[in-house]
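First the proteins, then the strands, lettered A, B, ... as listed; each starts at 1.
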There are 2 protein chains.
Amino acid sequence: MTQQAEAARRPPLSRDRVLRAGVALADEAGIDSLSMRKLAQELGVVPMALYKHVANKEQLLDGMVDVVVGEIEPPDPGSDWKGAVRRRILSARRALIGHPWAAQVIQSRPRPTPVVLAYMDSVIGMFRTGGFSVDLTHHVMHALGSRMLGFTQELFDASPGPEPDAPAPASAGDAGQYPYVAELAGAVAHEEGSVVGGGCDDQFEFEFSLDLLLDGFERLRRQGWTSARRPQETSEAQEAQETTG
Amino acid sequence: MTQQAEAARRPPLSRDRVLRAGVALADEAGIDSLSMRKLAQELGVVPMALYKHVANKEQLLDGMVDVVVGEIEPPDPGSDWKGAVRRRILSARRALIGHPWAAQVIQSRPRPTPVVLAYMDSVIGMFRTGGFSVDLTHHVMHALGSRMLGFTQELFDASPGPEPDAPAPASAGDAGQYPYVAELAGAVAHEEGSVVGGGCDDQFEFEFSLDLLLDGFERLRRQGWTSARRPQETSEAQEAQETTG
DNA sequence: ACCTGAACACCGTTCAAGT
DNA sequence: ACCTGAACACCGTTCAAGT
């Protein structure tokens, strides 16, 4: 009765509503809290009702990834390849940051969804129309890796877990055992503009390595790099050039 | 009776034996098949017996990561920083490749174990003794990210899953929808030396982007880069130099 | 024909009962 | 004091029974 009344008040279930509820639940409660059962409860529906709109949990996660990737802004044409790629990737980063679970879920997918494939296709196109050979574009895409979607795999899960006030990764007590880590941690803690608590400026780090790669790509493109010449040889030849220049 | 006889035959349980059995089980059956219950069964022991040697499953996974990281060869002194770092990272890569689950597990850990911290400390040391400032070393470590431990996060799980003969990521049917992906896939399929099945040469891709980064690091080091000057400005200044040179 | 509750085959971990 | 079986609170998904 009450159940029926509630069902009548809510809009009918649809794949889209299921996916958006999944995204909302993962945003709020974390990806570990996302279960078919909890999602059904959130939607005021019996668990099995979900299976009419998604084949299983894997397909639910696929669809949720599509929602996030759908938030990435389209490429803006009419600028140099580097600026265009840079802007697009930083837009992807903004989308991913809004959904902290997304990076992990994307990497757990056994294959890209059509929406992700379309995004990758358009990024590849930006390199190709920017004057990159098929060969170089291929390796460049591998070098970008997950950075293409706006995230780098931090070595350890930096997401705010269930232990909010845990000791810092490199606490003072470990300074003796890990002198170089301590030196770095100390410098970061005193850095201007760093977040309270001694954290790193993730955006700066992201742009630092993104620009390092993009600059490297541009250098290779100008040299007409092909996979016949290994990058190491390339760099050595270039180092010689720089030294003499 | 039979149980007791079996228990008597086996060496007594220890933390080390539990960890090694966990590594072996994950190697053989995949990380998804690793459960406390199955691991106990593998050791001929009741599930609760494991909890005397590891506090919980999280600590089991931590210990398993330590086993893998322990396989990385120590640094060999007395060579230039780039060669030393390169060799060490490629050694880490060999260790990680032997345990396909390790990359995923490392990234799921909320914080580095002491063994991983010690490895990171020694890598930081290779940069510092190689002439890198604390500042630059910090950003360089971020840029390396998971590559430091020998793996890059491939955008999608390339590990041999439960569907061994599934269609290729970009099958011919999708060529029309994703023209640039198709172009790349076609080129890779015809590449010399590529594995049968059209896969990429992962080792080449890894070294390509590793060398791209290491070369970039060396360039910044020589320029005396500090975080006051952004990489982009650096590169633009350098581009002007290169163009005029 | 459609929907759904109970059931199945798992988890990690707690806890009290047994030796 | 030590060990461990049963139990708890969950999963994703199957399937047969109900409407």
Side-chain angles (χ1 to χ4, degrees), chain A residues 1-15 17-19 21-23 25-26 28-65 101 104-105 108-110 157 161-163, chain B residues 1-8 10-15 17-19 21-22 25-26 28-65 101 104-105 108-110 157 161-163:
Chain A
M1 283 294 177
T2 318
Q3 189 111 344
Q4 274 190 331
E6 188 147 337
R9 221 175 52 217
R10 292 188 173 267
L13 223 54
S14 68
R15 185 179 149 84
R17 243 173 59 76
V18 170
L19 298 185
V23 168
L25 182 56
E28 290 157 20
I31 193 67
D32 287 343
S33 296
L34 178 81
S35 70
M36 298 298 274
R37 290 164 127 102
K38 276 190 195 162
L39 179 55
Q41 195 182 350
E42 203 77 12
L43 286 160
V45 145
V46 82
M48 282 313 296
L50 299 177
Y51 286 81
K52 243 177 318 188
H53 301 99
V54 289
N56 48 38
K57 193 181 182 182
E58 295 295 290
Q59 216 183 77
L60 168 70
L61 293 174
D62 275 345
M64 287 167 58
V65 168
W101 48 270
Q104 179 184 334
V105 171
S108 74
R109 302 298 80 214
D157 186 13
E163 29 188 358
Chain B
M1 284 295 178
T2 317
Q3 189 111 343
Q4 273 189 333
E6 188 148 338
R10 292 188 171 266
L13 223 52
S14 68
R15 184 180 149 85
R17 243 173 59 76
V18 169
L19 298 185
L25 182 55
E28 290 157 20
I31 193 68
D32 288 342
S33 297
L34 178 81
S35 69
M36 298 297 275
R37 289 164 126 103
K38 276 190 194 161
L39 179 56
Q41 196 181 349
E42 203 77 13
L43 286 161
V45 146
V46 83
M48 282 314 295
L50 300 177
Y51 286 81
K52 242 177 318 188
H53 301 98
V54 289
N56 48 37
K57 192 180 183 183
E58 296 294 291
Q59 216 183 78
L60 168 69
L61 293 174
D62 276 347
M64 287 167 59
V65 168
W101 48 270
Q104 180 185 330
V105 171
S108 74
R109 302 297 81 215
D157 185 12
E163 30 189 357

How long is the line joining [atom1] of [X] and [atom2] of [N], in whole Å?
X        : N       : atom1 : atom2 : result
Lys57(B) : dC11(D) : NZ    : P     : 16 Å
Asp32(B) : dG12(D) : CG    : C1'   : 13 Å
Leu39(A) : dT13(D) : CG    : P     : 12 Å
Lys38(A) : dC10(D) : NZ    : P     : 8 Å
Asn56(B) : dC11(C) : CG    : P     : 17 Å
Glu58(B) : dC11(C) : CD    : P     : 16 Å
Leu43(B) : dT4(D)  : CG    : P     : 14 Å
His53(B) : dC3(D)  : NE2   : C1'   : 13 Å

Inset, instruction - For the residue pair Glu42(B) and Arg37(B), establish whether any side-chain heavy-atom pair is separated by less than 4.5 Å. - result: no
Legend entry - Heavy-atom side-chain contact between Leu50(B) and Leu60(B) under 4.5 Å: no
Inset, instruction - Please work out if Met48(A) contacts a base, only the sugar-phosphate, or nothing of the nucleic acid, heavy-atom cut-off 4.0 Å. - result: base
Inset, instruction - Can you tell me, in whole Å, how much space there is between the P of dG18(C) and that of dC8(D)? - result: 16 Å
Legend entry - Span that lies between the P atom of dT19(D) and that of dA7(C), in whole angstrom: 16 Å
Report the base-pairing partner of [N] (Watson-Crick or G-U wobble, both distances below 3.5 angstrom), or none.
N       : result
dC10(D) : none
dC3(C)  : none
dA17(C) : none

Inset, instruction - Report the C-alpha distance between Met36(A) and Asn56(A) in whole Å, list the side-chain angles of each, state the deciding distance to 0.1 Å, and finish with yes or no for side chain to side chain contact (heavy atoms under 4.5 Å, CB included). - result: CA-CA 9 Å; Met36(A) 298 298 274; Asn56(A) 48 38; over 6 Å; no
Legend entry - Candidate nucleotides dT13(C), dC3(C), dG5(D), ranked by approach to the side chain of Val46(B) - the nearest: dG5(D)
Inset, instruction - Over all heavy atoms of both residues, which pair between Met64(A) and Leu19(A) is shortest? Give the atoms and the distance, please. - result: CG-O, 3.9 Å
Inset, instruction - List for me each residue that meets side-chain hydrogen bond (donor to acceptor under 3.5 Å, both in side chains) alongside Glu58(A), sequence neighbours excluded, and say none if there are none. - result: Arg109(A)
Legend entry - Closest-nucleotide ordering on DNA chain D, the 5'-leading residue of Arg37(B) and Leu34(A): Arg37(B)
Legend entry - Lys52(A) side chain near dC3(C) phosphate (N/O to OP1/OP2, under 4.0 Å): yes
